[in-house]
Amino acid sequence: VCEGGNADMDDCGVCFGNNESMDACGDCGGSVTDPLECLVHYDLNINSTGESHLVIFLDSILGLEPDDEIGVFDLNGVIETVDAGEDPQYGEVLVGATIWNAAQVEISAIMSLDLSDFGGPILNGAVDGNEVTIRVYDASEEMEYNTTAVFETGGQFGDLFTVVTTLQFDGVADCSG
């Protein structure tokens with residue numbers, strides 16, 4: 001009954017299909033399997049340290065649309081990895097990101113790791129005790145917004161985990177540096 005593109009056809013034009021030919025970015029016939037490769041705005045350019053902080057965004061959050069991006073920041077994290085004996089610089093660091101899909105999503109935020117007591121480096125990432133900061137990139141408007149998060153649990157890096165129940169949009173983020 002799929003003639004003429006009726007409701008029995010999936011988004012990729014397959015009769016009685018279930019979008020199996022769609023990749024993680026929603027492209028028909030695409031080859032991307034990791035949704036993080038679909039991020040347009042948030043470029044997570046720090047390496048994993050092996051330490052992370054779980055941030056859970058509940059599906060109760062209003063104001064987000066599918067394909068919006070969520071970025072987790074430490075405003076006083078370790079900006080760049082330094083070798084033993086060097087002093088790290090602290091400032092704003094993107095430590096995790098994901099794409100909202102209208103269901104609960106999780107981000108494993110990258111934590112800084114200080115190995116200087118053993119003659120090793122201080123790896124960049126979020127610092128224990130610092131506040132979790134969240135920004136949202138609205139894909140349809142191509143705008144980034146600051147938010148105030150309501151936490152059910154946690155709210156600081158190093159807590160057991162953080163659960164976000166609500167995001168209040170506070171205005172356009174100033175990305176001028």
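The chain is numbered in sequence order, starting from 1. Just so it is clear, the structure is predicted and the values come from calculations on it, not from any experiment.
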Begin with the C-alpha distance, continue with both residues' side-chain angles, and end with the deciding distance and a verdict on side-chain contact (heavy atoms from CB on, under 4.5 Å) for F57 and I107.
CA-CA 8 Å; F57 296 85; I107 294 176; 3.7 Å; yes
Can you tell me if [X] has over 12 outside heavy atoms packed within less than 6.0 Å of its [atom1]?
X	atom1	value
Q89	CD	no
E92	CD	yes
N47	CG	no

Donor-acceptor under 3.5 Å (T49 side chain, S112 main chain):
no
Examine distances only and state if a side-chain atom of S108 and a backbone atom of S52 form a donor-acceptor pair shorter than 3.5 Å.
no
Between M111 and D128, is the side-chain contact (heavy atoms from CB on, under 4.5 Å) condition met? List the steps.
CA-CA 8 Å; M111 296 295 294; D128 276 354; 3.0 Å; yes
Do you see a donor-acceptor pair shorter than 3.5 Å between the side chains of H53 and T162?
yes
Looking only at side chains, do E142 and Y137 share a donor and an acceptor under 3.5 Å apart?
no
Can you run down the side chain to side chain donor-acceptor pair (under 3.5 Å) pairs that involve [range], sequence neighbours left out, and say none if there aren't any?
range	result
residues 147-158	T148-D170
residues 113-123	D114-S116
residues 66-82	D74-N130, T81-N124

Should I46 and V93 be marked as a side-chain contact (heavy atoms from CB on, under 4.5 Å) after you check the CA-CA gap, both sets of side-chain angles, and the distance that decides it?
CA-CA 9 Å; I46 63 174; V93 181; 4.1 Å; yes
Are side-chain heavy atoms of [X] and [Y] found at a separation under 4.5 Å?
X	Y	result
N101	I99	no
V72	T133	no
V164	I134	yes
V132	F157	yes
L64	I70	yes
F151	D159	no

Is [Y] reachable from [X] through a run of I, L, V, M, F, W or Y residues, each pair having side-chain heavy atoms under 4.5 Å apart?
X	Y	result
M143	I61	yes
I110	L160	no
V40	Y145	no

If you compare all heavy atoms of [X] against all heavy atoms of [Y], which two are closest, and at what distance to 0.1 Å?
X	Y	value
F169	G63	CZ-O, 3.9 Å
D59	Q104	CB-N, 3.7 Å
Y90	P88	OH-CG, 3.4 Å
L44	V95	CD1-C, 3.6 Å

Reported NE2-to-CG distance for the pair H41 and L94, which is rounded to 0.5 angstrom
9.0 Å
To the nearest 0.5 Å, what is the distance between CD (E106) and OG1 (T98)?
8.5 Å
Does the structure place the NZ or CZ of R135 under 6.0 Å from the centre of the six-membered ring of F73, at an angle of no more than 45° from the ring's axis?
yes
